[in-house]
Amino acid sequence: MLTSLRAGRGEHVGQDVTQSGRAFTMGRRLFGLLVAVLLLALTVFASLALGSRDIALPVVVEALVDRDPAVNDHVVIWELRLPRTVIGLLAGLALGLSGGLMQGLTRNPIADPGLLGINAGASLAVVAAITWLGIGTTAGYIWFAFGGATLAALLVYGIGSMGGDGATPVKLAIAGSALTAVLTSLITLVLLTNLQTLERYRFWQVGSLVGRDLDTARTVLLFIVVGTVMALVSGRVLNALSLGDDVAHGLGQHVVRDRAVIMTATVLLCGSATALTGPIVFVGLVVPHAARWVTGPDYRWILAYGAVLGAALLVAADVLGRLVAPPGEVEAGLVVAFLGAPVLIALVRRSRLASV
Amino acid sequence: MTGTDTRDRTVGLELPALGRLRRRRRRRATVVLAGLVGVVAIFALLSLSLGAYRISVDGVLRTLIGQGSGRDDFIILSLRLPRLVAGILAGAAFGLAGGIFQTLLRNPLASPDIIGVTGGASAAAVFALVTLGAGSLGVSVAAFVGAAGTATAVYLLSWRGGLTGYRFVLVGIAAAFMAHAVLGYLLTRGEVREAQTALSWMVGSLGSARWPEIAVLATLLGVLTPVLLALRPALGLLQFGDDTATGLGVRLERSRISLLAIAVALAAVATAVTGPIAFVAFVAMPIARRMMRSGAPVLLPAALVGVLVVTGADLVAQHLLPGNVKTPVGIVTAVIGGPYLLWLLATAGRNHGSVTRIT
């Protein structure tokens, strides 16, 4: 993952220097990205080191470089904390990227996986799997979540494309909201009639990094890699699309094909993340805004930042959830919403948001 | 993109052709309003007469004028009428609230659902239900406090020497996310039975409405409707944006605060009585505009569309769905309202329908 990210970043840096040469902005963007990467490294280390069991820092380092299966602390780090850290990294990266893609695609600064019906599609599929197929584990949910997300996205894109002027941003957003409402009601209907399903679903829907092993991550890794590559090369296209369809067309973009590519990347990323953790809101919404605050409206940068900041945010939320209510935990999805809301409000108040 | 007709009406150009156009519009408005009222009346009669014990339309009418048989009186006045009246009032309130938000913030997504008002109400109500073990009245009060508190917080947090639509919507969305996080937390911490009760309330249903709560909603609508009518010209101008509205002499902040306060009060009380019935606030104004073929805010038709959607959906929920589960009305409104909005979208490009227009 990190190598593909780094490669993408290098390419962008090169392009930006030759195109604009604005040293101040470049410096600001690079410095910001460096800070973001350091932040990410710090949260990853915190995620390995902190938790309900106190493990001294030297032991953490020792466990990482020289694993000893006989030492309990090492087992905790490798078997419990490392998997959830990896899951958090992958899901956060995917959500941060897909949020940026979606906000560009719909030219809507409030877009996030919830808006295009993707979370609702995944959720309904999981509810169906629990109710009618009796499936009860993350590894079992994963393909249903992914399939539901894909179907919902296809439906939203299909409906949004009908009518005279094709899949315009506003129509995509409204189609997504409408489908979300319908699917959410169907979910509620099933939950009201089936107590067992509610019992399982209510813990899935809050978004948690716990109880998923590395095999689960391995299952969706390929999708995330492909989605990430597609996302990072979409930055330039999104920049063109953000000028409006006519201008993008004039600049030689194939608007319909480009939208389809971006939508595919969105589904791959967002579907994978939802399959891994359950529906997590807010990362996709708030991270691109935070990125835009530093980078300005260039999507190549927003996406690169989005990947790093998304991962950092989700892992940090998970760490915080472990610390706030010992010995219990608060799920990462809930912590993200509690953390993210004030951040978003602060961002919205502080700055005139760069238009999308 | 808003229709020229609106501007003509508000600025008051007088040309013979426009006069004809305006007459035609007025005739259309009359027909649409009469049609809406007629359908609502039919739905109302049906909802009073249908049920496990079927009462003829004749019997319903006799009961309503005070000459029914004892058993009809009991079934209609004690069981079916509260449900119907709650549906009518809540539908009107949600329709008006959604219409005001969408027009004022110039964003079709700015319904009370999306900017956190109903989310705040739900979170507070479920907190009362799950943590405090509150009864029906306590839940209503909590819902109202939650809605009003969330709306006030959103307003204050998005105020920065003025108010812009996008800042308000974004802050509102942040609030909605927090409310839903609280809901998710409460649902995982409670007993699964409590969670199910909370879920049933969260989706919106008319079954639990009682006369005292209904009376509060009726009073509120009665008091606010004249105020709303007085503010309608300002709302019509505010939809063109702050600069235009100021230029045309609207006292911007005062009108906007009044309108927002009204919309919040309507959404809050209606949510307190019935729970957040999904989608009604969202679709009422777009459907009304399409019926009226108007770009202007059409408050009365929006209210009637809200009534129609809620009463119609409750009929479907009560009598047309199989199974012994009493389906809450909110599920039907979403399942009917969602595809309708999608259909509007799909056909919007052809005749520049109202949905994509209010952005």
Side-chain angles (χ1 to χ4, degrees), chain A residues 108-110 112 114-115 155-156 159-166 168 170-171 173-175 177-186 188-189 191-193 195-196 198-199 202-203 205-207 281-282 285-286 289 330-331 333-338 340-345 347-349 352-353, chain B residues 108-109 113-114 154 157-160 166-167 169-171 173-182 184-185 187-188 192-193 195-196 199-200 202-203 278-279 282-283 323 325 327-328 330-335 337-353 355-356 359:
Chain A
N108 185 341
I110 60 176
D112 100 323
L115 196 74
L155 215 58
V156 165
I159 294 163
S161 312
M162 284 195 273
D165 39 2
T168 61
V170 176
K171 281 164 72 183
I174 297 180
S177 312
L179 190 73
T180 299
V182 175
L183 297 182
T184 307
S185 301
L186 294 177
T188 312
L189 191 59
L191 294 181
L192 281 177
T193 54
L195 217 55
Q196 284 94 26
L198 176 62
E199 182 64 47
R202 63 183 182 145
F203 292 102
Q205 55 97 25
V206 289
V281 292
F282 227 91
L285 177 74
V286 79
H289 281 295
V330 179
E331 287 82 357
L334 298 175
V335 178
V336 164
F338 277 114
V343 171
L344 181 66
I345 291 172
L347 278 175
V348 170
R349 284 181 56 80
R352 299 167 56 88
L353 288 167
Chain B
L109 297 175
D113 308 334
I114 296 183
V154 169
L157 285 169
S158 54
W159 171 270
R160 206 169 155 250
Y166 254 128
R167 201 185 305 141
V169 171
L170 278 169
V171 173
I173 284 183
F177 275 123
M178 274 186 119
H180 285 115
V182 174
Y185 181 80
L187 285 184
T188 55
V192 69
R193 289 256 168 226
Q196 203 172 29
L199 201 65
S200 162
M202 274 161 61
V203 76
F279 233 60
F282 192 23
V283 297
V325 185
T327 312
I331 288 179
V332 183
T333 56
V335 173
Y340 183 73
L341 191 67
L342 293 174
W343 177 74
L344 280 184
L345 269 180
T347 53
R350 241 169 283 148
N351 51 11
H352 291 282
V355 178
T356 50
T359 40

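Every chain is numbered from 1 and lettered A, B, ... according to where its sequence line falls, protein lines coming before strand lines. All figures in this text were calculated on a predicted structure; none of them were measured in a lab.
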Task: Residues that A/V281 engages under side-chain contact (heavy atoms from CB on, under 4.5 Å), provided they are two or more places apart - done: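 Result, side-chain contact (heavy atoms from CB on, under 4.5 Å) vs A/V281: A/D112, A/N119, B/F177.
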- [ ] Can you sort out the partners of B/A181 under side-chain contact (heavy atoms from CB on, under 4.5 Å), two or more places apart, ordered by chain and number?
- [x]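 Residues passing side-chain contact (heavy atoms from CB on, under 4.5 Å) with B/A181: A/L334, A/A337, A/F338.
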TODO: Heavy-atom distances under 4.5 Å only: say whether B/V182 touches chain A with side chain, backbone, both or neither.
DONE: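 Both backbone and side chain.
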TODO: Looking only at non-hydrogen atoms, find the nearest pair between B/A334 and A/S185 and report the distance.
DONE: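 Scanning both residues, the minimum pair turns out to be CB-OG, 2.7 Å.
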TODO: Could you tell me which non-hydrogen atom of B/G184 sits nearest to which non-hydrogen atom of A/Q205, and how far apart they are?
DONE: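 For B/G184 versus A/Q205, the nearest heavy atoms are CA-NE2, 3.9 Å.
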Task: Heavy-atom pairs under 4.5 Å with chain B, option from A/T188, A/L186, A/L195 with the top count - done: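 Maximum pair count with chain B is reached by A/L195.
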- [ ] Output, in order, the C-alpha distance, side-chain angles, deciding distance and verdict of side-chain contact (heavy atoms from CB on, under 4.5 Å) for A/R202 and B/V192.
- [x] CA-CA 9 Å; A/R202 63 183 182 145; B/V192 69; 3.8 Å; yes
Open item on the list: Working note: B/I331 + A/L192, criterion side-chain contact (heavy atoms from CB on, under 4.5 Å); need CA distance, chi angles, decisive distance, verdict.
Closed with: CA-CA 11 Å; B/I331 288 179; A/L192 281 177; 4.1 Å; yes
- [ ] To the nearest 0.5 angstrom, please state how far the CD1 atom of A/I345 sits from the CG atom of B/L157.
- [x]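 Answer for the CD1-CG pair, A/I345 versus B/L157, is 5.0 Å.
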Open item on the list: Is there a side-chain contact (heavy atoms from CB on, under 4.5 Å) between A/L191 and B/Q196? Walk through the geometry before answering.
Closed with: CA-CA 8 Å; A/L191 294 181; B/Q196 203 172 29; over 6 Å; no
Task: Under 4.5 Å from any heavy atom of chain B - which part of A/L183 - done: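 Interface part for A/L183: neither.
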